[in-house]
Amino acid sequence: MRARQRPVYLNLFQIRQPITAMVSLAHRVSGVLLFLAIPYAAYLLGLSVTSSEAFTSVIGLLQQPWPKLLGLAVIWGLAHHLFAGIRFLLIDADIGVQKPSAILGAWLVIVAEIIVVAVSGVGFWL
Amino acid sequence: MSTFVLEGLRPWVIQRVSAVYIALFLLYLLYSAVTAHSVDFDTWRGWLFQPLNSVSMALFVLAILFHAWIGMRDVVLDYVHNIMLRILVLALIIGTLLGSGLWAFRALLLTVTG
């Protein structure tokens, strides 16, 4: 049997995704980011409890430019994962399933995470 | 075996229960940080020495391990189709999680024994 030539167009980067899909994808991306942060967080936790000097060095480390930027990325991941996760739990409970409310929920997640990142950013650099 | 593989509805439930606990604990951690008198070693150790705090923190670490394992496992099963590569990646993930978890537990143990 000859294979039929069907148009297959699944380049996700060329399909304009609705906001709900973006929030869903970002939930995965932020989850993977948070996973990558786990060993680092465990290391810093271990360091912070060993001695007063080590605690001070952890605080000092977190005030360096690059770790601060990394920390802000983790805060974004945490905020997005948390807010999008709450949205998914509400969807499990049949809240926000219909198209208008699903889109509204997605926007609320984005607004909430922007507020958290902005407040943290201001707190970090001012 | 199914306890380790986590099939069917079980991971779905664990993912949600752990998510709620993680969210509540982070809220409590944030509250404790904001209401703390000062950010220093003694305050931090004192906070961790409280039984409620160290136990809820240990439970938090455990919840993170389960939550991250189920989440990462789902991502790998969706995108990594080569079986050998899949086993390798899953092993790396579980190794990272167990290592980090034991590291965190060791630190917590240190705070209650001195």
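Just so it is clear: chains get the letters A, B, ... in the order the sequence lines come, proteins before strands, and each one is counted from 1.
Under the 4.5 Å side-chain heavy-atom criterion for Ile, Leu, Val, Met, Phe, Trp and Tyr, L108(A) and I86(A) are members of distinct hydrophobic clusters. V39(B) and L29(B) fall within a single hydrophobic cluster, where Ile, Leu, Val, Met, Phe, Trp and Tyr side chains are chained together by heavy-atom contacts under 4.5 Å. A single hydrophobic cluster is seen to contain both V116(A) and I114(A), as judged by linkage of ILVMFWY side chains at heavy-atom distances under 4.5 Å, directly or through other members. The same ILVMFWY cluster, assembled from side-chain heavy atoms under 4.5 Å apart, contains both V32(A) and V80(B). Residues F25(B) and L44(A) are members of separate hydrophobic clusters, defined by side-chain heavy-atom contacts under 4.5 angstrom among Ile, Leu, Val, Met, Phe, Trp and Tyr.
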Anything under 3.5 Å between chain B and chain A that's a donor-acceptor pair? List each one with its distance, please.
unit_1 : atom_1 : unit_2 : atom_2 : d
R16(B) : NE     : D92(A) : OD2    : 2.6
W44(B) : NE1    : S48(A) : OG     : 2.8
R45(B) : NH1    : V49(A) : O      : 2.5
D78(B) : OD2    : R28(A) : NH1    : 2.8
D78(B) : OD2    : R28(A) : NH2    : 2.8
Y79(B) : OH     : R28(A) : NH1    : 3.0

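Only the side chain of L48(B) comes within less than 4.5 Å of a heavy atom in chain A; its backbone stays farther off. Using a 4.5 Å cut-off between heavy atoms, L47(A) does not touch chain B at all. L102(B) does not touch chain A: none of its heavy atoms, backbone or side chain, sits under 4.5 Å away. L78(A) touches chain B through its side chain: at least one heavy atom from C-beta onward sits under 4.5 Å away, while N, CA, C and O do not. Proximity to chain A (any heavy atom under 4.5 Å) is restricted, for A68(B), to the side chain, taken from C-beta onward. Heavy atoms closer than 4.5 Å to chain A are found nowhere in V61(B), neither backbone nor side chain. When heavy atoms are compared at a cutoff of 4.5 Å, L45(A) approaches chain B by way of both its backbone and its side chain. Heavy-atom distances place both the backbone and the side chain of I38(A) under 4.5 Å from chain B.
The CE atom of M72(B) lies 10.5 Å from the CG atom of L34(A); values are rounded to the nearest 0.5 Å.
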> Can you list the steps and then say if F41(B) with V58(A) is a side-chain contact (heavy atoms from CB on, under 4.5 Å)?
Replying inline: CA-CA 10 Å; F41(B) 178 67; V58(A) 170; over 6 Å; no

>> With side-chain contact (heavy atoms from CB on, under 4.5 Å) as the criterion, how do L82(A) and L26(B) come out once you've worked through the C-alpha distance, each side chain's angles and the decisive distance to 0.1 Å?
In response: CA-CA 10 Å; L82(A) 177 68; L26(B) 284 178; 5.8 Å; no

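Looking only at heavy-atom pairs under 4.5 Å with chain A, the residue among L97(B), I64(B), L108(B) that has the most is L97(B).
Within 6.0 Å of CZ in F66(B) there are 12 or fewer heavy atoms belonging to other residues, nucleotides or ligands. Residue-environment remark: CZ (F124(A)) exceeds the threshold of 12 foreign heavy atoms within 6.0 Å.
The two residues A107(B) and G46(A) come nearest to each other via the heavy atoms CB-CA, 3.6 Å.
For residues 115-126 of chain A, there are no salt bridge (Lys or Arg N to Asp or Glu O under 4.0 Å) pairs, not counting sequence neighbours.
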